[in-house]
Visitor: 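Below: one structure in structure tokens.
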Amino acid sequence: MSITPDQFLRSMADSTRLRLLALLSEKRELCVCELKDALGLAQPKVSRHLAVLRECGLLMGRREGLWIYYRLDSDMPAWAARALAAVHDGCHGKSPYREDIQRLAEVCCKPGDACDF
């Protein structure tokens, strides 16, 4: 399914979904548990927003054991990828996105890990 401009803008209009997209733009692939910890939200709420983004064609998910990992859909239209990159540039380093990245680093990075945050 190809995302329409209307779907794209509606998905970006929710702050939780925008924060999820910002994290996934920053980090190639993340597990639902990492996303919920980074945002400080309950797993059902995060999963519901991830489902909206997946259904409109912005995200892909893959299962690994009990976990589902999400990443930006590489098949999204070029215009959507460019718009998402521009939004990411506008969010980068600003609150609450900066704090989300900091929390993600605390959750993901253990002593000895090579983190790219």
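Hydrogens, waters and symmetry mates are skipped; everything else that's a heavy atom, side chains included, is used. The first residue of the sequence shown is numbered 1, and numbering continues consecutively from there.
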Visitor: Between atom CZ of R17 and atom SG of C56, what is the distance when rounded to the nearest 0.5 Å?
Guide: 8.0 Å
Visitor: Between the side chains of Q7 and S11, does any donor sit under 3.5 Å from an acceptor?
Guide: no
Visitor: OH of Y97 to OG of S25: how many Å apart, nearest 0.5 Å?
Guide: 11.0 Å
Visitor: Quick one: salt bridge (Lys or Arg N to Asp or Glu O under 4.0 Å) partners of R19, sequence neighbours excluded?
Guide: D100
Visitor: Identify, with sequence neighbours excluded, every residue that meets salt bridge (Lys or Arg N to Asp or Glu O under 4.0 Å) alongside R63.
Guide: none
Visitor: With rounding to the nearest 0.5 angstrom, report the CG to CG distance, D37 to L30.
Guide: 11.0 Å
Visitor: Would you please test S95 and R98 for side chain to side chain contact (heavy atoms under 4.5 Å, CB included) and show each step?
Guide: CA-CA 5 Å; S95 189; R98 177 184 57 240; 3.8 Å; yes
Visitor: Check step by step if salt bridge (charged side-chain N to carboxylate O under 4.0 Å, His left out) holds for K27 and E29.
Guide: CA-CA 6 Å; K27 186 78 172 157; E29 182 177 69; over 6 Å; no
Visitor: Tell me, do Y70 and V32 make a side-chain contact under 4.5 Å, heavy atoms counted?
Guide: yes
Visitor: Should Y69 and L104 be counted in the same cluster of Ile, Leu, Val, Met, Phe, Trp and Tyr side chains packed under 4.5 Å apart?
Guide: no
Visitor: Output, in order, the C-alpha distance, side-chain angles, deciding distance and verdict of side chain to side chain contact (heavy atoms under 4.5 Å, CB included) for L35 and L41.
Guide: CA-CA 9 Å; L35 290 165; L41 299 172; over 6 Å; no
Visitor: Taking side chain as C-beta onward, heavy atoms only, is L20 less than 4.5 Å from L59?
Guide: no
Visitor: Is any side-chain heavy atom of M76 closer than 4.5 Å to one of L84?
Guide: yes
Visitor: Just how far is it from atom CZ of R103 to atom CD of E106, taken to the nearest 0.5 Å?
Guide: 8.0 Å
Visitor: To the nearest 0.5 Å, how far apart are OG1 in T16 and CG in L21?
Guide: 11.0 Å
Visitor: Counting C-beta onward and ignoring hydrogens, is there a side-chain heavy-atom pair between L53 and L58 closer than 4.5 Å?
Guide: yes
Visitor: Take C31 and I68 through the side chain to side chain contact (heavy atoms under 4.5 Å, CB included) test and state the conclusion after the steps.
Guide: CA-CA 6 Å; C31 177; I68 299 177; over 6 Å; no
Visitor: Any ring pair (Phe, Tyr, Trp, His ring centres under 6.0 Å) pairs touching residues 8-27, not counting sequence neighbours?
Guide: F8-W79
Visitor: Heavy-atom count around R62 CZ within 6.0 Å, excluding the residue itself: above 12?
Guide: yes
Visitor: How long is the span from the CG atom in L24 to the CE atom in M60, to the nearest 0.5 Å?
Guide: 12.5 Å
